[in-house]
Asks: 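Next up is a structure, given as structure tokens.
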Amino acid sequence: MSTAGTEKTIYVRAKRKNATVFIRVKKTSTMLDVKKEISDALSGGGAESSSSSAASTDVSPSRMRLYLNEKGTDILPDSSTIAQHEIANDNALYVVFRKAGKEGDDDDDDDCWEPVEIDDEMGE
């Protein structure tokens with residue numbers, strides 16, 4: 001029995017402020033693919049969401065940054081993959097958006113981006 005084309009998918013939690021979005025990804029998915037899944041979920045697309053705090057925010061992938069930890073120290077490059085960062089089933093990624101009015105600014109300027117803020121009432 002061949003396993004070609006049947007790559008296992010995992011669930012990843014994408015957290016921002018008081019919202020958590022659950023998306024299904026493959027180990028070969030790039031961070032850009034992940035951003036697209038998050039964008040679809042936040043704009044009413046395919047994934048499940050526990051909140052809709054981004055309803056008034058532009059949620060396009062180009063306005064997102066993903067972090068591996070909630071301290072906001074490990075930015076995940078768009079071309080890197082789930083496997084490269086050893087992201088496992090049910091791991092969390094942290095999402096921030098570009099601040100309003102900072103569209104023309106340099107992507108590497110941290111002042112252009114929201115801080116990582118997680119309002120976790122569950123006490124994870």
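This chain uses plain numbering: 1 for the first residue, then up along the sequence.
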Asks: side-chain contact (heavy atoms from CB on, under 4.5 Å) with A83: which residues, sequence neighbours excluded?
Replies: K27, T81

Asks: Using the rule side-chain contact (heavy atoms from CB on, under 4.5 Å), only one of V21, I23, T20, N91 pairs with R13; which is it?
Replies: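 Filter result, single survivor: T20.
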
Asks: How long is the straight-line distance from CZ of R63 back to OG of S39, given to the nearest 0.5 Å?
Replies: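 With rounding to 0.5 Å, OG (S39) is 11.5 Å from CZ (R63).
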
Asks: Is there a donor-acceptor pair closer than 3.5 Å between any side-chain N or O of K35 and the backbone N or O of M64?
Replies: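 Yes: the side chain of K35 pairs with the backbone of M64.
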
Asks: Taking NZ, NE, NH1 and NH2 as the nitrogens, is one of them in R16 or E114 under 4.0 Å from a carboxylate oxygen of the other?
Replies: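 Yes.
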
Asks: Can you tell me how far apart CD1 (I38) and CZ (F22) are? Round to the nearest 0.5 Å.
Replies: 12.5 Å

Asks: What's the shortest heavy-atom distance between A92 and K15, and which atoms?
Replies: CB-CD, 3.9 Å

Asks: Check side-chain contact (heavy atoms from CB on, under 4.5 Å) between N89 and all other residues, then give those that pass, not counting sequence neighbours.
Replies: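 Scan of N89 (side-chain contact (heavy atoms from CB on, under 4.5 Å), adjacent residues dropped) gives I10, Y11.
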
Asks: Is there a side-chain contact between L66 and Y94 in this structure, where contact means two heavy atoms from C-beta onward sitting under 4.5 Å apart?
Replies: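 No; the side chains remain at least 4.5 Å from each other.
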
Asks: Determine the sole option in I82, T9, I87 for which the side-chain contact (heavy atoms from CB on, under 4.5 Å) test with V25 is passed.
Replies: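 It is I82, the one option of I82, T9, I87 that forms the side-chain contact (heavy atoms from CB on, under 4.5 Å) with V25.
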
Asks: Using side-chain contact (heavy atoms from CB on, under 4.5 Å) as the criterion, list what pairs up with L32, not counting sequence neighbours.
Replies: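 Per chain and number, L32 pairs via side-chain contact (heavy atoms from CB on, under 4.5 Å) with T30, K36, P61, D78.
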
Asks: Taking all heavy atoms of W113 and all of F97, pick out the closest pair and write down the distance.
Replies: CE3-C, 3.6 Å

Asks: Supply the atom-to-atom distance T28 OG1 to D33 CG, rounded to the nearest 0.5 angstrom.
Replies: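 Output value for this atom pair is 8.0 Å.
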
Asks: Quick one, M31 with S80, criterion side-chain contact (heavy atoms from CB on, under 4.5 Å). Give me CA distance, side-chain angles, the key distance, then yes/no.
Replies: CA-CA 6 Å; M31 293 305 123; S80 63; 3.4 Å; yes

Asks: I need the minimum non-hydrogen distance between V116 and G72, along with the two atoms involved.
Replies: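 Looks like CG2-CA, 3.7 Å.
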
Asks: Let me know which of L93, V96, L76, T73 forms a side-chain contact (heavy atoms from CB on, under 4.5 Å) with Y67.
Replies: V96

Asks: Within the 4.5 Å heavy-atom criterion, are P77 and H85 side-chain neighbours or not?
Replies: yes

